[in-house]
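Chain naming here is simple, since letters A, B, ... match the order of the sequence lines and numbering starts at 1 in each. Values in this document were obtained by computation on a predicted structure and should not be read as measured data.
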Protein chains: 4
Amino acid sequence: MSVNKVILIGNVGKDPDIRYLDNNVCVANFPLATTDRAYTTRAGVQIPEKTEWHNIVLWRGLAEIAEKYVRKGTQLYIEGKIRTRSWVDQSNITRYTTEIYADNMELLGRKNEQIGASPVSQIDNPVQPSLTSPVQGSNVDSGNNDIDDLPF
Amino acid sequence: MSVNKVILIGNVGKDPDIRYLDNNVCVANFPLATTDRAYTTRAGVQIPEKTEWHNIVLWRGLAEIAEKYVRKGTQLYIEGKIRTRSWVDQSNITRYTTEIYADNMELLGRKNEQIGASPVSQIDNPVQPSLTSPVQGSNVDSGNNDIDDLPF
Amino acid sequence: MSVNKVILIGNVGKDPDIRYLDNNVCVANFPLATTDRAYTTRAGVQIPEKTEWHNIVLWRGLAEIAEKYVRKGTQLYIEGKIRTRSWVDQSNITRYTTEIYADNMELLGRKNEQIGASPVSQIDNPVQPSLTSPVQGSNVDSGNNDIDDLPF
Amino acid sequence: MSVNKVILIGNVGKDPDIRYLDNNVCVANFPLATTDRAYTTRAGVQIPEKTEWHNIVLWRGLAEIAEKYVRKGTQLYIEGKIRTRSWVDQSNITRYTTEIYADNMELLGRKNEQIGASPVSQIDNPVQPSLTSPVQGSNVDSGNNDIDDLPF
DNA sequence: TTTT
DNA sequence: TTTT
C-alpha cells in the first residue's frame, strides 16, 4: 500500500566507484546529473537552468553492468527508489544522505557512442550489453543468487 | 534531455505546514511515509519493513488543496521531482535537505474517508475536491497566475 | 535501451475473471477505469470528464492476490507495460487489443474498506494481504517458480 | 483520484506525420517502438525479443518540435497518457485504436547525433531545441495559447 | 561532477 | 511522523 518510485534520465558525473563485498556481491556508486531547462516566468524573470545531482547506488548484476559500460558522461535511464540514510559525522552530528537505489538501468544513445569503456569493447564482449538473464537487474538476479542475506 | 520524476503513494505524517508568501502564493510542507514490506531473503534472513520519509513541498493551487483536504494520515499519490537544497547550519557546516516538489497530487481512498478535515467539509464545500481549473496543479495554475516571479 | 512503463490508479470495473492454466499458473483479467477531470478551456469550452478503460492482465502471484482481494469497485495502483495483441475476428479481419500486463499492484484505501472480498476475510487470513514472498509479484515469484515456460 | 501515465523510451518508426488544423494548431503522429529483451526462462525456454509499437500523438508546441527534430530512427523519451478511440470501419464494425497522448518529450542521445533532421539544422535554428517557453509542452503552451477550444 |  |  505504498509506492516509492524514481525515474531519471541524465548524465553520469564521474566514473562509477565499484566495490565487491566479501560475499562477492558487486556495488556501484556514481553521481547522475539532471538539468532543468532555463525559462522565463510570465512576469519576465529569467530563471537559469539548474542541475540536480543524484547519488545512484546499484547492486549485483546492475553494478556489474555499470562496471563494464558506465563512464563519466554516459547518458542513463535509471528507475529505482529513494532512500535516505543517516550517519554521524566527525562532530557527532547526525547527517542524512539521500540516495537512489536503482532496480532498472538503460544505457541511452546509440551503440557506437557507448564505447569509451575501452577495456570491455572486445570482440566477444559486445559494446552494447545484451542484458540477458545472468547479468540482469534485481529481478532475475535475485533468482540466481543462492547467497543473499543482504538487507536490500 | 533530462528527466527527474518521482512517484509516491504513502501516508501523511502530520498536518501540513501552510504559509502564504507576501505575493499571496501558498506553500505547503509535510512529511509523507512510504513503507517497504518486510520479507525473508532466500538465505532465510528476515528483513523488517522499513519506512522512508519524504519531505513534500507544494506550491500555489496544490498547496491550497493541501490546506483544505490533507491531514495527518491522509493517503496520497504525489508526482514531482527531487530537489536537494543546501543550507548552512549553526556550526557553519553546509548541510543538505532533499525535498519532493510536487506537480501533481491525488487524494486516495474513498470519498467519505477523506473527511477528518472537518473544518472544510461544509455544505457548499464538497469533501472530495473537484480540482477544476482554479485550484488545479501547476498546469492550469500557471495559466491563471499573472504574478509569477518565483524560481519554480 | 527501451522502456515501456504504465502507471495507473483507478477503480476496477467488475470482478476479476480468474483462470488457472494446466500448469497451475493463475491469470486474472479485469477492466480498470481512470477518469480525466472535466475542465473549461481558456476559450470557455466545457470539456466533460472522460473515462478511459484499461484491460489489466495479471499473472501468477499477482493474479492470486487479485482472486482474493480485488472486486468490482476496488481502487488499485497498477504498474506494468503496454502490450497490443492481434487476433482474427469471425470476419477474418485482423483486430488489435491493447492490454496492460501488470508487474506491480497495490490495493489502495484503508484496511477495513478492502473487505467486500468476503470469502477471504477469515481469522487467519488477514484482509490486507501481507504480500510476502510466496504470493508476491513478478520478482520473487519468478524466483520461486520452478516451472516457468511462459512467454512473459 | 485517478492516474493514467505512460513512460516510454524507444525509437521512432517513421518520419512524423504533421498536420496543421484550421486554427493553426499543430498535430504530429508517429509510431514508436519499444523492444523487450530476449531471455531464457528457468525452464530453459528461449523467449525471443518482442517489439511493441505505440501510436504517439503530439499537440501544439510538442508537435512543432517533432516537426523540426524528430525523424525515423530518433530515440525519444515520451511521457503521456493512454487513450483508446473508437471508430467505425467500412464494414460498419466498431473498432478501437489505442494511442499515447504525449505531454512531455525529450530527444535522447548526443547533440551531434540529432542532426539527420538536416533541413532544420540551420544557423539560427539550433539542432538541439532549447525548449523554452514558446515551444514547450502542454504546460507553458496552454498558458500562451489564447485560442484553445480543443478537447485535450 | 555531467550534459545542453 | 503515517500506515499496515
Side-chain angles (χ1 to χ4, degrees), chain A residues 1-4 8-17 29-39 48-56 70-78 84 86 107-109 113 116, chain B residues 1-4 8-17 29-39 48-56 70-78 84 86 107-109 113 116, chain C residues 65 69 77 106-115 126-132, chain D residues 65 69 77 106-115 126-132:
Chain A
M1 225 156 111
S2 211
V3 172
N4 174 356
L8 303 173
I9 295 177
N11 294 283
V12 173
K14 54 183 181 183
D15 286 358
D17 172 40
N29 289 269
F30 56 85
L32 186 82
T34 58
T35 304
D36 280 2
R37 284 191 268 269
Y39 65 98
E49 71 170 31
K50 179 164 190 322
T51 294
E52 195 68 31
W53 287 98
H54 310 271
N55 303 306
I56 308 297
V70 173
R71 295 293 177 272
K72 178 176 173 173
T74 304
Q75 189 184 32
L76 288 183
Y77 168 89
I78 290 283
T84 298
S86 67
L107 301 158
L108 302 177
E113 279 176 69
Chain B
M1 223 155 114
S2 211
V3 172
N4 174 356
L8 303 172
I9 295 177
N11 295 283
V12 173
K14 53 184 182 183
D15 286 358
D17 172 40
N29 289 269
F30 55 84
L32 185 82
T34 59
T35 304
D36 281 1
R37 283 191 269 270
Y39 65 98
E49 71 170 31
K50 177 163 192 323
T51 294
E52 195 67 31
W53 287 98
H54 309 271
N55 303 306
I56 308 297
V70 172
R71 294 294 178 271
K72 177 177 175 173
T74 303
Q75 189 185 32
L76 287 183
Y77 168 89
I78 290 282
T84 299
S86 67
L107 301 158
L108 302 177
E113 277 176 69
Chain C
I65 293 171
Y69 304 110
Y77 168 88
E106 299 282 334
L107 301 159
L108 302 177
R110 291 208 188 135
K111 191 169 186 169
N112 52 359
E113 280 175 68
Q114 286 163 11
I115 306 189
V127 171
Q128 180 70 8
S130 64
L131 299 182
T132 45
Chain D
I65 293 172
Y69 304 109
Y77 169 89
E106 298 281 335
L107 301 158
L108 302 177
R110 290 207 188 137
K111 190 172 187 168
N112 52 359
E113 279 176 68
Q114 285 163 14
I115 306 188
V127 171
Q128 180 69 7
S130 64
L131 299 182
T132 46

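- When each of E:dT1, F:dT3, E:dT4 is scored by its nearest atom to the side-chain atoms of A:Pro31, the top-ranked nucleotide is E:dT1.
- As rounded to whole Å, 12 Å separates atom C1' of E:dT4 from atom CG of D:Leu107.
- In this structure, NZ of A:Lys50 is placed 16 Å from C1' of E:dT4, rounded to the nearest angstrom.
- A:Thr34 comes within 4.0 angstrom of no nucleic acid atom, judged by non-hydrogen atoms across all strands.
- Within a 6.0 Å radius of NZ in B:Lys14, other residues, nucleotides and ligands contribute 12 heavy atoms or fewer.
- Summarising the geometry, the separation between CD1 on B:Ile56 and C1' on F:dT2 is reported as 12 Å, rounded to the nearest angstrom.
- When the P atom of E:dT1 is taken as reference, atom CG of A:Asp15 falls 13 Å away, rounded to whole Å.
- A:Phe30 contributes atom CZ, which lies 5.5 Å from atom CD1 of A:Ile56 (distance to the nearest 0.5 angstrom).
- Taking OG1 of B:Thr35 as the start and CE of A:Met1 as the end, the distance is 10.0 Å to the nearest 0.5 Å.
- Taking atom CD of B:Gln75 as the reference point, atom C1' of F:dT3 lies 8 Å away to the nearest angstrom.
- For A:Ala33, taking side-chain heavy atoms from C-beta onward, the closest of the listed nucleotides F:dT1, F:dT2, E:dT2 is E:dT2.
- Distance A:Glu52 CD to E:dT2 P: 16 Å, rounded to the nearest Å.
- Going from atom NE2 of B:His54 over to atom C1' of F:dT1 covers 13 Å, rounded to whole Å.
- Remark: the A:Thr51 side chain and the E:dT2 base include a donor-acceptor N/O pair separated by less than 3.5 Å.
- Side-chain proximity of B:Asn11 to the nucleotides F:dT3, F:dT1, E:dT2 is greatest for F:dT3.
- In this structure, A:Trp53 does not pack face-to-face on the six-membered ring of E:dT2, missing the 5.5 Å centre cutoff or the 30° plane limit.
- The separation between A:Ile78 atom CD1 and E:dT2 atom C1' is 14 Å, rounded to whole Å.
- To the nearest 0.5 Å, atoms CG (A:Leu32) and OG1 (A:Thr51) are separated by 11.0 Å.
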